[in-house]
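See structure below.
Values reported hereafter were calculated over all heavy atoms of this structure, with side chains retained and with hydrogens, waters and symmetry mates removed. A note on names: the letters A, B, ... follow the listed sequences, proteins ahead of strands, and every chain is numbered from 1. Computed from a predicted structure; not experimentally measured.
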2 protein chains.
Amino acid sequence: MNDIEHDIPEIVINRLPLYVRTLNDLKLLNQTTVSSEHLGFLLQTTPAQIRKDFSHFGKFGKQGRGYNIDFLLDELRNILNLNKTWNTCVIGAGKLGQAVINYQGFKKEGYLIKVAFDISTKKLSNINDVEVRSISEMNQYIKELNIKIGIVTVPSADAQGVIDRLVQCGIKGILNYAPMKPMIPNNVSCMNIDPVLSLQSMSYYLDK
Amino acid sequence: MNDIEHDIPEIVINRLPLYVRTLNDLKLLNQTTVSSEHLGFLLQTTPAQIRKDFSHFGKFGKQGRGYNIDFLLDELRNILNLNKTWNTCVIGAGKLGQAVINYQGFKKEGYLIKVAFDISTKKLSNINDVEVRSISEMNQYIKELNIKIGIVTVPSADAQGVIDRLVQCGIKGILNYAPMKPMIPNNVSCMNIDPVLSLQSMSYYLDK
DNA sequence: ACGTGTGAATTATTTCACAGCT
DNA sequence: AGCTGTGAAATAATTCACACGT
């Protein structure tokens, strides 16, 4: 390959955040360099895979010396567009939505929950400093607050409708907590979080 | 292939719960049969993949007629060991742990949270009818209550220690909410839930 | 001597395409 | 006519292995 690589496999993209996370950990331990061997050990993967993954984007290492952690981190964060903050909103202010809003892990990584929406006008209030607005005001808020990511925490039956509206509002990414597979246009990306599916996959192995 | 197939790819196992979920949805709509074509449409995958996935386990369909939903569901649920309930425990009774305990989706699918553990003796009490016990009593409770799955909701720094203890207590499956990749012996299975990783992968596509 | 970057080889996964049953 | 189950073919992903720079 020569310069800029096109159409990188999704499976590779999905591993990059793991590298970022582990490099952050190493940095906190005052490490300055790391080899693909060591990174592979920490992530229980092969050095070859790590080097191959990086090779899609450029040459980040030094032969005989490994990778400079600060440099590699910055490169990976740039590739993933993490060197900026992203404005998000939560749709569904029930128990799950409240838990998501109260979770501090998003903000820590630059994903800011700017507003929440719910159909019920009863629970219009604040959750952990996040205003809860009527779902009818979605379009206005998403545009005014430059929100690019929607976090869906409504019941399964309502999720497709909510997602359709989000897409119409110009949302570019959806994190879907509803246990269903939404239909999404292919200029919008979507990741699904369903711990029950994980438990069910796991159950296959539990009797072995 | 002939009778019982060995060593089925994990990627296949991970898709089975999606089929189960969708078949349940169809059942609620009073459908009695489904083709791989239709199931593929609902899950945005190819009919060939679905048929190939099933073929690892047997012949569940009828040529020219598709699959009987009740029959297929029962077969898939048996393969995944879902036709029973699983006892679980939650380790970490902080905000995240409380949210997990309050989430009704686990019980609905047969994953029963029988007890929670925490180091802090201050918060020893009940969360949604689930007793919170000291982490020092873990071994005793896991054995007495026949708990096979541990749901880890402690901070990242404590997770490996907790997981090591769970493994020593004979736990067979771990659902890990801590944002780290634990070291696990290979007779124990582990699935990780980290919504931040999903957002970070998604961010790659948001500028495209 | 160490460890990256990368073509080539290997292995895994998906898709094709069609014989055969209902 | 419709649709499964499955070998064969095609594509994708991983791993090997080594030339080469530090």
Under 4.0 Å, heavy atom to any atom of DNA chain C: which of residues 184-191 of chain B qualify? none
Report the residue (A:Val12 or B:Ala48) whose heavy-atom-nearest nucleotide on DNA chain D is the more 5′ of the two. B:Ala48
Among the nucleotides C:dT6, D:dA13, C:dT13, which one has an atom lying closest to any side-chain atom of B:Ile11? C:dT13
From CG of A:Asp53 over to P of D:dT14, roughly how many Å is that when rounded to an integer? 7 Å
Would you please classify the geometry between the B:Phe54 ring and the B:Phe60 ring as parallel, tilted or perpendicular, with 30° and 60° separating the classes? tilted
Rounded to whole Å, the NE2-P distance (B:His56 to C:dT14) equals 9 Å
What integer distance in Å separates B:Ile8:CD1 from C:dT13:P? 12 Å
Looking at DNA chain D, which of residues 62-72 of chain B put a heavy atom within less than 4.0 Å of it? B:Lys62, B:Gln63, B:Gly64, B:Arg65, B:Gly66, B:Tyr67
Check the surroundings of atom CD in B:Glu37: do more than 12 heavy atoms from other residues, nucleotides or ligands lie under 6.0 Å from it? no
Identify the two heavy atoms, one from B:Gln200 and one from A:Tyr111, that lie closest to each other, and give their separation to 0.1 Å. CA-OH, 3.3 Å
Nearest-Å distance for atom pair NZ/P, residues A:Lys52 and D:dT15: 12 Å
Using atom CZ of B:Phe54 as one end and atom P of C:dT14 as the other, report the distance to the nearest whole Å. 14 Å
Within the structure provided, determine whether B:Arg21 and A:Lys181 are in side-chain contact (heavy-atom separation under 4.5 Å). yes
Send over the distance from A:Lys59 NZ to D:dC20 C1', rounded to a whole Å. 10 Å
Just N and O in the side chain of B:Arg51: are any of them under 4.0 Å from OP1 or OP2 of D:dG5? no
Is it the case that over 12 heavy atoms from other parts of the model lie below 6.0 angstrom from the NZ atom of B:Lys143? yes
What residues in residues 18-46 of chain B put a non-hydrogen atom under 4.0 Å from any atom of DNA chain C? B:Thr46
Give one of base, sugar-phosphate or nothing for B:Pro9, where a contact means two heavy atoms less than 4.0 Å apart. sugar-phosphate
On a heavy-atom basis, which atom in B:Ala93 and which in B:Val132 lie closest, and how many Å separate them? CB-CG1, 3.9 Å
Side-chain heavy atoms of A:Ile113 within contact of A:Lys107, under 4.5 Å: no
Checking B:Tyr204 against A:Ser189: is there a side-chain donor and acceptor pair closer than 3.5 Å? no
Please work out which of the three classes, parallel, tilted or perpendicular, describes the rings of A:Tyr103 and A:Phe106, given edges at 30° and 60°. perpendicular
note: A:Asn14, atom CG; D:dA13, atom P; distance rounded to Å ~ 11 Å
Could you check whether atom CD of A:Glu10 has more than 12 heavy atoms from other residues, nucleotides or ligands sitting under 6.0 Å from it? no
Can a side-chain donor-acceptor contact be found between B:Gln49 and B:Asp53 if the only test is distance below 3.5 angstrom? no
Given atom CG of A:Asp7 and atom C1' of D:dA13, what is their separation to the nearest angstrom? 14 Å
Take a 6.0 Å sphere around NZ of B:Lys84 and say whether it holds more than 12 heavy atoms from other residues, nucleotides or ligands. yes
